[in-house]
S.K.: 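Let me give you the structure first, and then I'll get to my questions.
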Amino acid sequence: MTSTTLPTAPTRSYKLSFFGTLRSEFLKFRTLATNWVMLLLTIAIMIGMSAAYATALNRFYQRALETQAALEAGGPSPQVRPEYSFTVDQVLDMARSIGGVGMMFGSMLIASIAVVFIGAEYATRQIHSTMTAVPRRSSIYISKLLVLSVWSFLVGVISAVAGYFVAQPILDPGISEQLSVGTPTVLNWLGVGLYCLLMSWMGLGFGAILRNNAGGIVMVVVLMFISTIVFGLLAETANWVADFQPYLPINLGETMTTVGLPEDTDINNLEAGIWLGVWALVPALLGWFRFTFTDAKG
Amino acid sequence: MLEVRNLIKKYGDKTAVNDITFTVPDGRVTGFLGPNGAGKSTTMRMLVGLEKPTNGTALVDGQKYRSLVSPLTSVGALLDAKAMHPGRSGRAHLRSLALTHGIPTRRVDEVIELTGLTTAARKKVRGFSLGMGQRMGIAASLLGDPQNIILDEPVNGLDPEGVIWVRNLARHLASQGKCVLISSHLMSEMSQTADELIVIGRGKILANSSMSDFLALADNSRSLVRTDQREVFAETLTARSITFEPVDTDGLLVQAPSRDIARLGVDAGVLLHELTPQIATLEDVYMNMTRNEVEYQSGTFTTPADSGAAEADAPSPWAGKEAKEQ
């Protein structure tokens, strides 16, 4: 601070633009080391889950073969708990979607990053700098949403693809030789990406509503996991609880990414995706209201 | 030019800013003074659209902040030195602000150099001292080479060199025809920097004038007198109904022009060995003005020595003031 002469910026006029705001938010996202650590963690967890699930599928496959052989021989089927008893076709469908088995945990991390992407702005008071540079707050929020959408979709798809291929050498050759990358598998990958994207919306929404990292993450955990557990416990008590259960985010996510749903299913892949969109859109919209129309205290 | 008209901000029942109106002109440094909680920062935050006024308007060059085409080139604001994510480098923080307006990275490096942050800018903000945070905030406010500059407590935590630098910067910006609004608690600093003054207390404007007009409000009519014959001189003053009060053991603070006092000393045959006109500082005027407006009043310190001296002095005839009050 010894110089008192001010090199003035060239007279060319600079203008605030949406594209500039988007680039700014992208820069803010990629210049935080935490986001890179979380990215690696997410991919590692999803790949690890796929690999672990491959060994489980091998056991299911062996049982399915034994059951098939026993039935063909006309004898009684071996004693297996029904939830672990699958046909060979079912096991093959599960193998087609093996890239997405870690989705629930991966998307949890992604949603947390989304919460922090906006919650930390308030916690660190960075929000004052952000909003002084860009007083049109909607553009900040939409920029954040776009950055998160692209990022979480890519992380979801990349993890699913990587998980799928890492699982191949672990799978029983009897399974893997019958698999080929076709429409169902690709749809599963895209579904995982979409699920991650929608959960990032949920995270951003709660981060903006609560303006608090911990509070936002707790809300996401409650909606994604706790609600599923509670509804599971109470399912026997009332019909509406059981009826509503398939519409919880995690169950919808399962449904959306399942390969080979039965024809007569209540909710098909597309419908599940639409309902999930509602789950994501409502917090994202409420967050936008709170972000845009209330004072930036905090 | 910054303009505030009938601005009101309420938080629930509490009124932080109560119907204030003022203009901050181009080409001048305007000091914004007031006790803690007087509403300075709230007013500044409303100027840059961070908070919505309950009523009234805050305008930048005649426009609301939110409708400015290019906020960063219209207003550069340092409101909060630590309004940065600690996990990002200083340079990345400035680049993120610059990108929104398409300001090139070259300009970012320029303001970094200008504020003396070249060695620190690539480190994470986490490790920055308060002074470095202030320099970062000033760097950010200069990014767009703005017409209006708002600095809230810019010298807070700066080293003496930094304080002088900020003063010169403010003077330089004003000389270029820019509008500079600075708030500070450091009165001596402010008296050297500002041309104009706005004093706020409990959400109300107490004064809005040039520095020289403001200082003229001061009570400059008193003089400090020291003499070995204090009691004799005190009687002389009492006889002429001139008010005074004792100071230390040999001094009197006399409410009269120093020339008249000197004449009185000659007439009474009393040797005055000190005669000093009392010039009020910005601090004195400010303290007088805001005495009843501070929200967080500090306790006063009474030293036992003072009260003891007063009691011992009480019977003496030169305690003219007390005598008159009886």
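Naming convention: chains lettered A, B, ... in sequence-line order (proteins, then strands); numbering from 1 in each chain.
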S.K.: Around atom CZ of A:Phe26, are there more than 12 heavy atoms from other residues, nucleotides or ligands closer than 6.0 Å?
M.R.: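 No, CZ of A:Phe26 has 12 or fewer neighbouring heavy atoms, counting only those of other groups under 6.0 Å.
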S.K.: What do the steps show when you test B:Leu97 against A:Ser129 for side chain to side chain contact (heavy atoms under 4.5 Å, CB included), and what is the final call?
M.R.: CA-CA 8 Å; B:Leu97 298 176; A:Ser129 298; 4.2 Å; yes
S.K.: Can you tell me which portion of A:Arg23 sits under 4.5 Å from chain B's heavy atoms? Options are side chain, backbone, both or neither.
M.R.: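 A:Arg23 touches chain B through backbone and side-chain heavy atoms alike.
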S.K.: For residues 75-86 of chain B, which side-chain N or O atoms pair as donor and acceptor with protein atoms under 3.5 Å away, sequence neighbours left out?
M.R.:
| unit_1 | atom_1 | unit_2 | atom_2 | d |
| --- | --- | --- | --- | --- |
| B:Asp80 | OD1 | A:Arg125 | NH2 | 3.1 |
| B:Asp80 | OD1 | B:Lys82 | N | 3.2 |
| B:Asp80 | OD2 | A:Arg125 | NE | 2.5 |
| B:Lys82 | NZ | B:Phe128 | O | 3.0 |
| B:His85 | ND1 | B:Gly87 | N | 3.0 |

S.K.: Against chain A, work out which of B:Val69, B:Val48, B:Val125 has the most heavy-atom pairs shorter than 4.5 Å and name it.
M.R.: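 With the most close heavy-atom pairs to chain A, the winner is B:Val69.
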S.K.: For A:Arg290, does the CZ atom have more than 12 heavy-atom neighbours from other residues, nucleotides or ligands under 6.0 Å away?
M.R.: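 Counting neighbours around CZ of A:Arg290, more than 12 heavy atoms of other residues, nucleotides or ligands fall under 6.0 Å, so yes.
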S.K.: Which region of B:Lys64, side chain (C-beta onward) or backbone (N, CA, C, O), has a non-hydrogen atom less than 4.5 Å from a non-hydrogen atom of chain A, or is it both or neither?
M.R.: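 Neither; nothing under 4.5 Å.
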S.K.: Would you find a donor on one side and an acceptor on the other, under 3.5 Å apart, between the side chain of B:Thr100 and the backbone of A:Val134?
M.R.: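 No; zero donor-acceptor contacts below 3.5 Å.
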S.K.: Checking heavy atoms, do the side chain of B:Leu68, its backbone, both or neither come under 4.5 Å from chain A?
M.R.: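 When you check distances to chain A, only backbone atoms of B:Leu68 fall under 4.5 Å.
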S.K.: I'd like to know whether CZ of A:Phe29 has more than 12 heavy-atom contacts from other residues, nucleotides or ligands below 6.0 angstrom.
M.R.: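 More than 12 within 6.0 Å, yes.
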S.K.: Indicate yes or no for a side-chain donor-acceptor contact from B:Ser70 to the backbone of A:Lys15 under 3.5 Å, with no hydrogens or angles considered.
M.R.: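 Side chain of B:Ser70 to backbone of A:Lys15, a donor-acceptor pair under 3.5 Å: no, none is there.
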S.K.: A side-chain contact here means heavy atoms from C-beta on lying under 4.5 Å apart; do B:Pro71 and A:Thr132 qualify?
M.R.: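 SC-SC contact between B:Pro71 and A:Thr132 ruled out.
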S.K.: How long is the straight-line distance from CE of A:Met131 back to OH of B:Tyr65, given to the nearest 0.5 Å?
M.R.: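 B:Tyr65 atom OH to A:Met131 atom CE measures 12.0 Å (nearest 0.5 Å).
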S.K.: Which atoms of B:Arg171 come close to chain A, meaning under 4.5 Å heavy atom to heavy atom: side chain ones, backbone ones, both, or neither?
M.R.: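 Neither part, no heavy atoms under 4.5 Å.
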S.K.: State whether the number of non-hydrogen atoms from other residues, nucleotides or ligands found under 6.0 Å of A:Trp151 atom CH2 is greater than 12.
M.R.: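 Correct, the count exceeds 12.
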S.K.: What distance do A:Tyr14 atom OH and B:Ile103 atom CD1 have between them, rounded to the nearest 0.5 Å?
M.R.: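 Here the rounded value is 6.5 Å.
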S.K.: Name the option with the most non-hydrogen atom pairs under 4.5 Å to chain B; the candidates are A:Thr130, A:Thr34, A:Leu27.
M.R.: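 Of A:Thr130, A:Thr34, A:Leu27, A:Leu27 has the most heavy-atom pairs under 4.5 Å with chain B.
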S.K.: Mind checking the CZ-OG spacing from A:Arg30 to B:Ser96? Nearest 0.5 Å is all I need.
M.R.: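 So the CZ of A:Arg30 and the OG of B:Ser96 are separated by 10.5 Å.
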S.K.: Kindly give the heavy-atom pair with the smallest separation between A:Asp295 and B:Glu51, and that separation in Å.
M.R.: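 Heavy-atom minimum between the residues: OD1-CA, 3.2 Å.
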S.K.: Would you say that B:Arg88 contacts A:Lys28 through its side chain, given a criterion of any heavy-atom pair below 4.5 Å between the two side chains?
M.R.: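 Yes; the side chains approach each other to less than 4.5 Å.
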S.K.: Would you mind checking which part of B:Ala92 comes under 4.5 Å of any heavy atom in chain A, side chain (CB onward), backbone (N, CA, C, O), both or neither?
M.R.: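 Looking at B:Ala92, backbone and side chain both touch chain A.
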